[in-house]
Protein chains: 2
Amino acid sequence: MPKSKFESIYKDIKVKIENEEYEYQSFLPSEHTLIEVYDCSRNTVRRAIAELAALGYVQSMHGKGVRVIYQPLDQANFTIGGIESFKESAARNKKKFTTDVPFFEEIVVDKRMSKKTGFEEGTLVYYIQRVRSLDDIAMILDINMFSKELVPNLTKAIAKRSIYDYIEKTLGMQIVTSKRTMTVERITEADENYLDMDDYDMLAVVTSQTYNSDGLLFEYTQSRHRPDFFCFHDTASRKLS
Amino acid sequence: MPKSKFESIYKDIKVKIENEEYEYQSFLPSEHTLIEVYDCSRNTVRRAIAELAALGYVQSMHGKGVRVIYQPLDQANFTIGGIESFKESAARNKKKFTTDVPFFEEIVVDKRMSKKTGFEEGTLVYYIQRVRSLDDIAMILDINMFSKELVPNLTKAIAKRSIYDYIEKTLGMQIVTSKRTMTVERITEADENYLDMDDYDMLAVVTSQTYNSDGLLFEYTQSRHRPDFFCFHDTASRKLS
DNA sequence: GCCGATTTGTCCGTATGTATC
DNA sequence: CGATACATACGGACAAATCGG
């Protein structure tokens with residue numbers, strides 16, 4: 001349930017677009033109209049539209065209107081958009097998923113690690129390796145590092161279940177920003193040991209740093225995906241230089 | 001040169017962050033302070049800060065302040081962020097780049113193509129294949145489709161030079177939104193023919209649809225990258241459901 | 001624990017500029 | 001030219017979160 005006004009307007013329009021009540025290439029009602037429909041100020045509808053534009057749902061055109069550019073994607077792919085967990089992703093695609101935790105330890109971040117992960121040297125972290133399977137095929141190897149200070153009392157059982165559930169529901173911590181880098185890399189021995197690589201010899205690798213609501217880095221993760229289970233979707237708007 | 005006030009404020013703060021005048025993990029001056037510094041309204045500074053947050057430079061915290069979470073990346077990687085052309089990317093990385101155009105034709109989009117590209121069935125498009133080389137190594141195979149109606153008079157020579165220059169400078173068309181999907185795929189015969197694949201047998205594939213300032217789809221591109229020349233960077237903030 | 005000062009979040013109304021038709 | 005539509009900017013009001021005394 002949206003708590004703010006602009007958010008509920010955003011959602012209402014978003015649903016209408018997804019249901020093609022507002023069709024691809026058509027124009028939204030004008031701001032003036034939307035103000036009356038939702039009984040709010042101009043800033044508020046503009047805020048909602050800005051969110052939709054950031055999502056790639058609409059595009060504003062000066063003096064003309066706001067055009068819908070959303071097209072439903074027919075591919076039954078595993079999309080890793082926004083900040084979404086493996087579990088959510090799998091559930092949405094109706095696959096049976098399991099997680100194994102072959103490695104779970106506490107380590108201290110050294111200089112080399114610090115440079116790679118962004119954690120300060122000397123930080124105590126949980127170092128976890130997790131194998132994610134879909135329909136019993138080991139598809140993803142996750143290498144997680146969580147700050148012990150910010151994510152305390154992590155256990156192997158929690159890692160097997162859902163770390164994000166624990167972080168959000170039990171610790172009440174909010175995940176706000178996530179920086180990601182995607183590359184394609186050759187497999188390592190660890191990959192070969194843990195994953196069902198079929199005859200693939202390369203992996204899609206997503207490394208991410210995640211910040212909590214205090215703006216503190218609490219997670220560094222390297223997620224190594226078998227190529228056939230990997231699809232990343234993205235929308236970019238004009239960037240300010 | 002920024003034309004709007006919020007944009008110049010955005011840029012000023014952005015530079016200060018990049019120069020570490022505002023350090024990683026430190027707080028920006030309060031909105032109240034920034035209002036006085038830049039002599040503007042609260043909305044205007046908030047707009048600038050919102051842009052910086054969208055870029056992953058800062059993170060706002062209710063009741064506390066705005067924390068800098070930008071870290072300079074030391075990797076000399078080829079980053080394909082925002083909407084950036086191959087040429088810009090190569091230039092930024094100080095490599096010698098060349099483009100060959102082994103295929104250049106006009107075709108009509110059929111039903112199958114339409115579903116894949118988003119162009120309407122029957123649209124007349126330029127179908128172009130381009131091979132991009134860095135320091136004389138063929139690294140990227142681009143398969144472009146441009147609407148002939150929206151991008152008229154395209155020639156092989158322009159394709160060899162820079163299509164984006166032509167679109168922006170000659171046609172005066174503005175590129176606004178770009179939707180992208182990234183996957184990892186096995187190489188095809190065409191890849192093998194055109195690219196220096198070394199001993200790689202897979203490619204990073206970026207497919208993108210690009211919309212102009214009228215909200216019309218004018219380009220569909222599939223960009224096939226050799227894995228060692230591929231790095232994608234991204235920042236995600238909490239998404240509204 | 002309370003209270004007040006500070007800081008960010010949401011929302012409103014209005015004015016002016018600029019692009020489109 | 002005027003009407004319509006989006007873009008930018010200002011100022012003010014109240015809410016909510018944080019922090020220090």
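Lettering follows sequence order; numbering is per chain, from 1.
- Looking at the side chain of B:Ser60, the nearest of the listed nucleotides D:dC10, C:dT8, D:dC6 is C:dT8.
- Judged by distance alone, with hydrogens and angles left aside, the side-chain atoms of B:Tyr126 form no donor-acceptor pair with the main-chain N or O of B:Ser147 at under 3.5 Å.
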Next item on the list: Dump the intermediate steps for salt bridge (charged side-chain N to carboxylate O under 4.0 Å, His left out) on A:Asp214 and B:Lys64, then the final yes or no.
Entry: CA-CA 9 Å; A:Asp214 290 326; B:Lys64 290 177 76 174; 3.3 Å; yes
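- Rounded to whole Å, atom P of D:dC6 lies 19 Å from atom CZ of A:Arg47.
- Comparing C:dC12, D:dC10, D:dC6 against the side chain of B:Cys40 picks out D:dC10 as the nearest.
- Atom CD of B:Glu31 and atom P of D:dA17 are 16 Å apart (whole Å).
- A salt bridge does not link B:Glu7 to B:Lys11: none of the charged nitrogens lies less than 4.0 Å from a carboxylate oxygen.
- In a base pair of the Watson-Crick type (N1 to N3 plus N6-O4 or O6-N4) or a G-U wobble (N1-O2 and O6-N3), with each distance short of 3.5 Å, C:dT16 is matched with D:dA7.
- A:Glu121 and A:Ser114 are not linked by any side-chain donor-acceptor pair at a separation below 3.5 angstrom, with hydrogens and angles left out of the test.
- A straight line from CD1 of B:Ile35 to C1' of D:dG12 spans 12 Å, rounded to a whole angstrom.
- For B:Ser30, counting side-chain heavy atoms from C-beta on, the closest listed nucleotide (D:dC6, D:dA9, C:dT7) is C:dT7.
- Within 6.0 Å of atom CG in B:Asn19, more than 12 heavy atoms from other residues, nucleotides or ligands are found, so the atom counts as buried in its surroundings.
- Taking only side-chain atoms of B:Phe6, from C-beta outward, the nucleotide of D:dT8, C:dC12, C:dT8 with the closest atom is D:dT8.
- Residue B:His32 contributes atom NE2, which lies 13 Å from atom P of D:dG12 at whole-angstrom precision.
- Between the P atom of D:dA5 and the CD atom of A:Glu36 lies a distance of 11 Å, rounded to the nearest Å.
- Base contact: B:Arg46 has a heavy atom under 4.0 Å from a base atom.
- Judged by closest nucleotide on DNA chain D, A:Pro29 is the one of A:Pro29 and B:Lys5 placed further toward the 5' end.
- The residue among A:Arg42 and B:Met61 whose nearest nucleotide of DNA chain C lies closer to the 5′ end is B:Met61.
- Atoms CE and CZ, from A:Met182 and B:Phe230 in turn, are 7.0 Å apart once rounded to the nearest 0.5 Å.
- If you measure from atom CG of B:Leu34 to atom P of C:dT6, you get 16 Å, rounded to the nearest angstrom.
- OP1 or OP2 of D:dC10 sits under 4.0 Å from a side-chain N or O of B:Thr44.
- Out of C:dG13, D:dG11, D:dC19, the shortest distance to the side chain of A:Asn43 is found at C:dG13.
- Picking from C:dT8, D:dC10, D:dC6 the nucleotide with the shortest atom distance to the side chain of A:His62 gives D:dC6.
- With distances taken from any side-chain atom of A:Val66 to the nucleotides D:dT18, D:dA13, D:dC6, the minimum falls on D:dC6.
- Contact check, A:Lys64 against D:dC6: no side-chain N or O comes under 4.0 Å of OP1 or OP2.
- Residues B:Gly63 and A:Gly63 each lie close to DNA chain C; by heavy-atom proximity, the contact nearer the 5' end of the strand is made by B:Gly63.
- Rounded to whole angstrom, the span from the OH atom of A:Tyr38 across to the P atom of C:dC11 amounts to 14 Å.
- Protein atom CG of A:Asp214 is 18 Å distant from nucleotide atom P of C:dT7, rounded to whole Å.
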